Asker: 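My structure is below; once you've seen it, I'll send some questions.
A quick note: this is a predicted structure, and the numbers were derived from the prediction, not measured. Hydrogens, waters and symmetry mates play no part in the numbers below; they use all other heavy atoms, side chains included. To find a chain, count down the sequence lines: A is the first, B the second, and so on, and within it residues start at 1.
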2 protein chains.
Amino acid sequence: MNNADRRQRRRATRTDVARLANVSTAVVSYVFNNGPRAVAPATSERVREAAKLLNYHPNSTARALRTGYSKMLGVIVPDSSNPFSAGIYDELQTVAMERGYSVLFMNVRSDPDLENKAIKQLLERNVDAIFLSSSRSYAQLSMAHLEESRFVFMDQPHRVANAKSVSTDFFNAGLTATRHLIEHRHSSVDMLFGGSPDDRTDARIQGWYEAHQNANLPAGRIRQAFFTREGGYHATLDLIDSGRPPRAIFAGSDMEALGAMRALHERGQRIPEDVAIVSFDGTVDSLYTWPQLTTMQQNTKEIAGCAIKAALTPNEVPDVQIIKADLVIRDSCGC
Amino acid sequence: MNNADRRQRRRATRTDVARLANVSTAVVSYVFNNGPRAVAPATSERVREAAKLLNYHPNSTARALRTGYSKMLGVIVPDSSNPFSAGIYDELQTVAMERGYSVLFMNVRSDPDLENKAIKQLLERNVDAIFLSSSRSYAQLSMAHLEESRFVFMDQPHRVANAKSVSTDFFNAGLTATRHLIEHRHSSVDMLFGGSPDDRTDARIQGWYEAHQNANLPAGRIRQAFFTREGGYHATLDLIDSGRPPRAIFAGSDMEALGAMRALHERGQRIPEDVAIVSFDGTVDSLYTWPQLTTMQQNTKEIAGCAIKAALTPNEVPDVQIIKADLVIRDSCGC
């Protein structure tokens, strides 16, 4: 920014307001912080009038420096074009705003380097907590981050040292979705899954596997890609073109299900007649596919509420909070 | 936050680092700010080692107070579940991060009260600029906001006093989309549009109208709802059930097109055989509908680049920057 811009954009300070209202700067603070000392109504009115004329806004930067708390929260998501990220973010922001917190939101495009940079920037901003939906597994996360006590992991159903975690019950979600397809007389269910290909620890996979075990069936095939529309599209094309097209698919995310549906449409496979699908997330997009998706709906409101509690009152909640997902039956499963 | 939490979460300060490294606090500053004075390599190494041990992060709050610039940017969008918002945000964030800025992102759910609250909070945070995609027209925006010189309007193709604006060329986009459907021998094109029902000043509407005029055709019907999947769904049901089903639709956003397609599928109307569609946005979702959407693609990268320039070097760019949208032909138009 050049000097001309700086001059043009100089902002009114507390001192300017004090001068115009003919009071001390302390009185200006009392008016905007509602205390600690009382101010006579007429004086308060004069201060607010002066602030309005000068277009003055009380500065939260100074308060942050004084208190050591920035009243900012950081949110890191792997893919902001996924309406599930948007939904969680939206709920977090609603609760945060009500309590006077602002939210720094960072999309890191499933890129570990970008994720590290985002974490560093949030720590420098002195945020009071970081809500992290990592594209990496716990084991892959840099231990440096975990020395910080400000993290709330948004998708780790197990305990993370020195941090809080909040997660949907991935295991039971995977079990329920797969069992539902098995009850539709499918003898095996293929699975689409995001995350890194060397990581099969996600509990959705375990639930999917267990559902086959419980029914004395061999587990279907698993295809791993990103949790994206494109990932699901290519993984499904791969299954169809394998010579043994899928009959039933459990998609680890709505976005992958969207991709799977495009692949099936393109190959002339009917849904659910030729291929049945149950997905996972329950985003708004699952209502606008054709046919509509049967899906395991995550409870974004409850997840966000638990995450905020974990961040702001850590001593009052358990280290791990697990939230149930609900099977929402629509048309893609064949019901 | 209770006292136990506060104690547990106390963060290392510059003073702690200085003490451990046996240097003055000024030297710690020089190391982390790369100046203004040089520090001997061995000393610098000792300071960084101490910072690492104590898990110290230099505090951007103090810098903000010193310089008067927070190096934060605010972004306000009406609907974060719209991948177009996510796309713009993503591009803004990428450029911002490269320059050391952080972004405060606020979804205001097309709610004017929430929009006002978000603006107030961003001003209190002392952000250096606010990128505003308002659900309201310019005329409806509170004049109080416009006394601020920090606004960049993201969807106002005309000049806004005391502010910068960046916008897609809505007029030509509406004209091109509608003309394309007319060239498919449709004698009139119905339009789905978001925004408030009493506001027909959007240039997309003017372009749509002009395309009919140019072809000596009477303009089709217009249905206004929110720029959402649900808005497009109900508006299209309304058209279908009017007794005169639509033959061609120009949807003012991809999200409304998604809703329109659901309504058409539910009513057994084939796309494009019975009803042709061209939409507006070119989000990733337009690739995953069935059939795929022909759409006016907005250039999110260029929009974000122009917006950042408008915010950070306002004297070097015109007050209004208009960016072209491109017709991307896929399957929903009947080509």
Asker: Are side-chain heavy atoms of B:Glu230 and A:Val284 found at a separation under 4.5 Å?
Answerer: no
Asker: Taking side chain as everything from C-beta outward and backbone as N, CA, C, O, which of these in B:Lys120 sits under 4.5 Å from a heavy atom of chain A? Side chain, backbone, both or neither.
Answerer: neither
Asker: What verdict does the side chain to side chain contact (heavy atoms under 4.5 Å, CB included) test give for A:Met106 and B:Phe105, after you've listed the backbone C-alpha separation in whole Å, the side-chain angles of each residue and the deciding distance to 0.1 Å?
Answerer: CA-CA 9 Å; A:Met106 301 210 167; B:Phe105 178 71; over 6 Å; no
Asker: A side-chain contact here means heavy atoms from C-beta on lying under 4.5 Å apart; do A:Lys71 and B:Arg125 qualify?
Answerer: yes
Asker: Is B:Phe84 in contact with chain A via its backbone, its side chain, both, or neither, using a 4.5 Å heavy-atom distance?
Answerer: neither
Asker: Distance check, rounded to the nearest 0.5 Å: B:Met97 atom CE versus A:Gln121 atom CD?
Answerer: 5.0 Å
Asker: At a heavy-atom separation under 4.5 Å, does B:Gln292 approach chain A through its side chain, its backbone, both, or neither?
Answerer: side chain
Asker: So which of B:Thr228, B:Leu258, B:Asp90 has the biggest tally of heavy-atom pairs under 4.5 Å with chain A?
Answerer: B:Asp90
Asker: Side chain from CB out, backbone as N, CA, C, O: work out which of these in B:Met261 comes under 4.5 Å of a heavy atom of chain A, or both, or neither.
Answerer: neither
Asker: Is it the backbone or the side chain of A:Leu287 that comes under 4.5 Å from a heavy atom of chain B, or both, or neither?
Answerer: both
Asker: Closest approach of B:Ser80 and A:Ala86, non-hydrogen atoms and distance?
Answerer: O-CB, 3.1 Å
Asker: Just how far is it from atom CD of B:Gln93 to atom CG of A:Asn107, taken to the nearest 0.5 Å?
Answerer: 6.0 Å
Asker: With a 4.5 angstrom heavy-atom cut-off, could you sort out which part of B:Thr94 is near chain A: side chain, backbone, both or neither?
Answerer: side chain
Asker: By a 4.5 Å heavy-atom criterion (distance strictly below it), what part of B:Met255 contacts chain A: side chain, backbone, both, or neither?
Answerer: neither
Asker: Identify which of A:Thr289, A:Val103, A:Asp285, A:Leu114 forms the greatest number of heavy-atom pairs closer than 4.5 Å to chain B.
Answerer: A:Asp285
